[in-house]
Amino acid sequence: MSIGVQRLREDAGRVRQGAIDKGEDPSVVDVALELDVRRRALQGEGDALRAERNTVSKRIGEVIRGGAAPQGSEVAALRDASTQAGERIAAIDRELATTEAQLEDALLRIPNPADPDVPVGGEEDSVIVRTWGDPAPHLEPRGAGADGSEPWTRRPHWEVGEALGILDLAAGAKVTGSGFPVYRGPGAALERALIDWFIGTHTREHGMTEVWPPALVNTASARGTGQIPDKEDLMYVVARDDLYLVPTAEVPVTNLHRDEIIEAEQLPIRYCAYTPCFRREAGAAGRDTRGILRVHQFDKVEMVLFERPADSGEALEWLTRAAETLLQRLGLAYRVKLMATGDMGFVQAKKYDLEVWAPGVERWLEVSSVSNFRDYQARRMNIRWRPEPGARPEILHTLNGSGLALARTWAAILEVYQQPDGSVVVPEVLRPSMGDRITA
RNA sequence: GGAGAGGUGGCAGAGCGGCUGAAUGCGGCGGUCUUGAAAACCGCUGAGGGAAACCUCCGUGGGUUCGAAUCCCACCCUCUCCGCCA
């Protein structure tokens, strides 16, 4: 991810303000500007020397073909000139290489400026733009008990799940470690049904193309989406083979088009993909230790969009609605949060979080994050499109969003659909594949 | 894992160490012709940097050389055969 030098040069003021809004140090902007000037100067110097060497080398060929002795003094003089130019070129190239590396590094430290319609500020400035459904109460006050009169309290998902034998955290801890849940029987079926129904809905109704990507990616791909170096601690590493377990399908799916030029008529490209997601969650220990709200492995269906720049703003709204559709049909109350500049991360230009109400733990759970990266991510991956046949390629826009993240959705379903008798009613849309009810 | 072949422009496919950023074919774009279209013919047609001159890029990275797509080394990837295997 990086800002473009072009934009940096032409719009330095707004880029600097964007950094401030996101709570980042704006001085890198000026550092980058200086490095850019230096880089171009060195490039020009090197190019001139190369041009000189090229003509001299050509001349050597001509003189020799013209009959001069390869060992003659004329040729020797030319060789000498060429060698000297070569040495100076090597020196400048070394300097250029370090300058370029410094520039790239500086560019990487400049955050993507947020869209103008994003509220400026921290977490408290994020705004709930809409809510849907009635949040189920933690305590059912009036006659919802099994006998029609007793009030009852909704239990957290881990209690419901363990009681029904469909969630086995202890087994996961034994087999792998804490944070690796095991779903059994109808619990496993629920997970599978959700994945299938999500993807089916996206492909049939949202026109997305299903992709089933690798769950391990190489270094170049991890770098492409910015997991390296930004979030290196987030990922599990297979050091022996230089591979990373994917923290989200965004990584393999977005990299599908790395270093490509896409013709205009191909756009938009809209994918959905299921993968397991692996996250070390370094530094997060202690939070959400109970249940499956924060785990090291979970399942997720991710939506990834490649759009024409002019369309990406609208595409973000469309993508958000696509994720909301799923929650609505599952009958889960949720709210949509527009993240403020300081709360949205380094790389997003605009981001919505979808939070579902979980009455057992009495919290809003983030089950989807939908973002427009504009050209920031695509630039690093060198994904371009050609506006017109024969026209110069331009960086396109990428977006992605969860549709949806499973563990928390699974948990919310258990908490919302649990019954006073301990069973869990299956949401209507999933009944065709797994029946009406989960009982002990 | 073992043996062999190969990685060149959107695709296919040439390329003696200098005259090759790259023949040729296909595709694409524009034009001539046509009522229109097809066919035929003519022209154009990779990317990046730079205001430009110009420079860089022939899997990646090193090396040899005055000069490398062309020679050498390492790595990566693809294909064929063998082995192993869900």
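All chains are named by letter (A, B, ...) in the order of the sequence lines, taking the proteins before the strands, and each is independently numbered beginning at 1. Scope of the values below: all heavy atoms of this structure, side chains included, with no hydrogens, waters or symmetry mates.
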Closest-nucleotide 5' rank along RNA chain B - winner of R53(A) and V5(A):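 Result of the comparison: V5(A).
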Position toward the 5' end of RNA chain B (nearest nucleotide), E263(A) or I60(A):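 Taking each residue's closest nucleotide, the earlier one in sequence belongs to E263(A).
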For atom [atom1] of [X] and atom [atom2] of [N], their distance in whole Å:
X       : N      : atom1 : atom2 : value
D259(A) : G46(B) : CG    : P     : 20 Å
R38(A)  : G50(B) : CZ    : C1'   : 18 Å
N54(A)  : C19(B) : CG    : C1'   : 14 Å
L78(A)  : U65(B) : CG    : C1'   : 16 Å
E265(A) : G28(B) : CD    : C1'   : 10 Å
R79(A)  : U64(B) : CZ    : C1'   : 14 Å
K58(A)  : C19(B) : NZ    : P     : 6 Å
R39(A)  : G48(B) : CZ    : P     : 14 Å

Spacing of the [atom1] atoms in [M] and [N] (rounded, Å):
N      : M      : atom1 : answer
G18(B) : C26(B) : C1'   : 31 Å
C42(B) : C33(B) : P     : 16 Å
G49(B) : A53(B) : C1'   : 14 Å
G7(B)  : A52(B) : P     : 36 Å
U70(B) : A74(B) : P     : 16 Å
C71(B) : C77(B) : C1'   : 23 Å
G59(B) : G6(B)  : C1'   : 11 Å
U34(B) : G25(B) : P     : 27 Å

Between CD on residue Q297(A) and CZ on residue F278(A), distance to nearest 0.5 Å: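 The CZ atom of F278(A) is 4.0 Å from CD of Q297(A), to the nearest 0.5 Å.
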S402(A) OG to M303(A) CE distance, which is reported to the nearest 0.5 Å: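 It is 7.0 Å, given to the nearest 0.5 Å.
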Option among E34(A), R38(A), R94(A) that satisfies the side chain to side chain contact (heavy atoms under 4.5 Å, CB included) test with T99(A):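 Going through E34(A), R38(A), R94(A) one by one, the side chain to side chain contact (heavy atoms under 4.5 Å, CB included) with T99(A) is satisfied by R38(A) alone.
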Passing candidate, side chain to side chain contact (heavy atoms under 4.5 Å, CB included) with Y244(A), options L234(A), L216(A), T219(A):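 Of the listed options, the one satisfying the test is T219(A).
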Tell me the partner of [N], counting only Watson-Crick (N1-N3 plus N6-O4 or O6-N4) or G-U wobble (N1-O2 and O6-N3) with both under 3.5 Å; none if nothing fits.
N      : value
A5(B)  : U78(B)
C58(B) : none
U20(B) : none
A14(B) : none
U64(B) : none
A37(B) : none
C44(B) : G28(B)

Parallel, tilted or perpendicular: ring planes of H296(A) versus F180(A), cut at 30 and 60 degrees: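 H296(A) vs F180(A) ring planes: tilted.
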Residue-phosphate contact under 4.0 Å: R9(A) side-chain N/O, G50(B) OP1/OP2: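 Yes.
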Nucleotide nearest [X] (side chain, heavy atoms from C-beta), chosen from [options]:
X       : options                : value
R392(A) : U56(B), A47(B), G49(B) : G49(B)
S57(A)  : G50(B), C55(B), G18(B) : G18(B)
R386(A) : A47(B), U56(B), G18(B) : A47(B)
R50(A)  : G49(B), A47(B), U56(B) : U56(B)
A51(A)  : G50(B), G48(B), C55(B) : C55(B)

Lys/Arg-Asp/Glu bridge criterion (N-O < 4.0 Å) met for R40(A), D36(A):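 Here R40(A) pairs with D36(A) in a salt bridge, since their nearest N and O are under 4.0 Å apart.
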R329(A) charged N/C atom sitting above W197(A) aromatic ring, 6.0 Å / 45°: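 R329(A) over W197(A) ring: no.
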Sugar-phosphate, base or nothing in reach of R40(A), heavy atoms under 4.0 Å: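 The answer is sugar-phosphate, as R40(A) gets under 4.0 Å only of primed atoms, P, OP1 or OP2.
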G50(B) base / D47(A) side chain donor-acceptor hit below 3.5 Å: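 Result: no qualifying N/O pair found.
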